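Below: one structure, written as structure tokens.
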Amino acid sequence: SVVQTIINISASTSLNRARQQGMSLIEVLVAIVIIAIALFGTASLQMSAMRLGQGGVLRSHAVFLAQDIAERMENNAAGAIAGSYVVTLTSTPPAVDTTCETAACAQAALAAYDIAQWANTVSTALPQSSWSITQTVTGTPSTYTIVVRWIDRRTKTSDTSVGAIAESFTLTRSILD
């Protein structure tokens with residue numbers, strides 16, 4: 001009876017070990033699945049962060065470009081007060097006239113040169129961009145409102161109707177003579 005009890009305990013211990021070895025394999029597989037899910041989640045978060053980071057870069061470009069044309073208007077204050085920097089909403093930059101690079105220009109010609117250079121920069125820096133410059137107050141001081149628009153694609157699609165977000169930046173600046 002003591003021998004029988006020892007044999008039963010020994011047999012039961014052997015069965016438990018065999019079951020535990022099978023369970024450790026299942027535990028390893030479950031752990032691998034959990035780690036894989038965690039890695040996919042981390043990769044998804046990284047991709048979202050990169051897309052949002054790109055949106056921030058585009059907004060920074062828009063702010064910089066709006067400031068750029070505002071400073072150009074301040075440097076040609078007489079042309080700005082005369083209304084030479086007004087641009088209706090467009091997405092097509094005008095041709096750049098290079099005569100202002102080699103010789104002195106009149107105020108209106110300098111304004112046209114500034115707008116052409118600026119518009120070309122906006123169209124290359126921002127995706128599907130458009131812009132307008134309106135003179136809201138005439139005379140001295142003259143007030144301009146600069147609006148820069150672009151499309152921020154926060155999904156992987158190239159179709160602007162799906163997953164695209166229209167963004168804009170508006171800057172108002174007064175120009176003194």
Side-chain angles (χ1 to χ4, degrees), residues 17-76 80 84-98 100-101 110-137 142-175:
R17 271 193 230 139
R19 283 190 205 143
Q20 281 187 343
Q21 287 175 351
M23 286 298 272
S24 69
L25 182 59
I26 291 173
E27 289 170 353
V28 168
L29 290 174
V30 168
I32 289 173
V33 167
I34 291 172
I35 290 171
I37 290 171
L39 288 175
F40 283 131
T42 303
S44 174
L45 286 174
Q46 181 68 23
M47 287 176 23
S48 295
M50 288 175 62
R51 277 194 304 267
L52 291 174
Q54 180 63 25
V57 168
L58 293 175
R59 180 162 295 279
S60 295
H61 284 315
V63 170
F64 172 77
L65 290 167
Q67 289 288 348
D68 177 45
I69 194 65
E71 289 173 8
R72 289 174 185 249
M73 287 189 283
E74 287 176 347
N75 287 332
N76 184 12
S84 300
Y85 282 91
V86 173
V87 177
T88 58
L89 182 63
T90 184
S91 60
T92 306
V96 178
D97 183 10
T98 58
C100 290
E101 292 177 2
L110 181 58
Y113 174 76
D114 286 345
I115 290 169
Q117 275 195 324
W118 177 76
N120 278 304
T121 305
V122 171
S123 68
T124 56
L126 299 173
Q128 295 174 294
S129 57
S130 61
W131 51 89
S132 67
I133 303 173
T134 56
Q135 188 175 18
T136 55
V137 176
S142 184
T143 303
Y144 279 87
T145 300
I146 303 159
V147 178
V148 180
R149 295 179 176 94
W150 69 97
I151 299 296
D152 186 5
R153 287 186 217 101
R154 296 201 179 156
T155 62
K156 293 185 281 186
T157 183
S158 61
D159 182 9
T160 59
S161 63
V162 179
I165 299 171
E167 297 281 351
S168 68
F169 176 75
T170 303
L171 174 69
T172 301
R173 180 70 60 97
S174 292
I175 309 295

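Just so it is clear, the model here is predicted, and its values are computed rather than measured.
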Please evaluate residues Thr90 and Trp131 with respect to the criterion side chain to side chain contact (heavy atoms under 4.5 Å, CB included), reporting the C-alpha separation (whole Å), side-chain torsions for both, the decisive distance (0.1 Å), and the verdict. CA-CA 6 Å; Thr90 184; Trp131 51 89; 3.5 Å; yes
Worksheet item: When you look at Tyr85 and Ile146, which way does the side chain to side chain contact (heavy atoms under 4.5 Å, CB included) test go after all the steps?
Response: CA-CA 10 Å; Tyr85 282 91; Ile146 303 159; over 6 Å; no
- Message: Could you go through Val96 and Tyr113, starting from their C-alpha distance and side-chain angles, then the distance that decides it, and tell me whether this counts as side chain to side chain contact (heavy atoms under 4.5 Å, CB included)?
- Response: CA-CA 6 Å; Val96 178; Tyr113 174 76; 4.0 Å; yes
Do Val28 and Ile32 pass the side chain to side chain contact (heavy atoms under 4.5 Å, CB included) test, and can you show the C-alpha distance, the side-chain angles, and the key distance before you say yes or no? CA-CA 6 Å; Val28 168; Ile32 289 173; 4.0 Å; yes
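Taking each heavy atom of Ser123 and Ser129 in turn, the nearest pair found is CA-OG, 3.4 Å. The heavy-atom pair separating Ala116 from Ala95 by the smallest distance is CB-O, 3.7 Å. The shortest non-hydrogen separation linking Thr88 to Ser132 is C-CB, 4.1 Å. In terms of heavy-atom proximity, Ile175 sits nearest to Ala70 at CD1-O, 4.4 Å. In this structure, Trp150 and Ala62 approach most closely via the heavy-atom pair CZ3-CB, 3.3 Å. Across every non-hydrogen atom of Thr124 and Thr121, the tightest pair is OG1-O, 3.0 Å.
Atom OG of Ser84 sits about 9.5 Å away from atom CG of Leu110, to the nearest 0.5 Å. The line from CG of Leu89 to OG1 of Thr134 is 10.5 Å long, rounded to the nearest 0.5 Å. The line from CZ of Arg72 to CG of Asp114 is 5.0 Å long, rounded to the nearest 0.5 Å. Thr170 contributes atom OG1, which lies 7.0 Å from atom CZ of Arg149 (distance to the nearest 0.5 angstrom). How far CZ of Arg173 is from CD of Gln67: 4.5 Å, rounded to the nearest 0.5 Å. In this structure, CG in Asn120 is found 12.0 Å from CD1 in Ile115, a value given to the nearest 0.5 Å.
In this structure a side-chain-to-backbone donor-acceptor pair under 3.5 Å is present from Ser142 to Val137. A donor-acceptor pair under 3.5 Å is absent between the side-chain atoms of Asp68 and the main chain of Phe64, judged by distance alone. Between the side chain of Trp118 and the backbone N or O of Leu65 there is at least one donor-acceptor pair closer than 3.5 Å. A donor-acceptor contact shorter than 3.5 Å is absent between the side chain of Tyr144 and the backbone of Met73. Ser44 places no side-chain N or O within donor-acceptor distance of the main-chain N or O of Phe40, the cut-off being under 3.5 Å.
With hydrogens and angles left out, the side-chain atoms of Thr143 and Ser174 include a donor and acceptor closer than 3.5 Å.
Under the 4.5 Å side-chain criterion, counting only non-hydrogen atoms from C-beta, Val122 is not in contact with Pro93.
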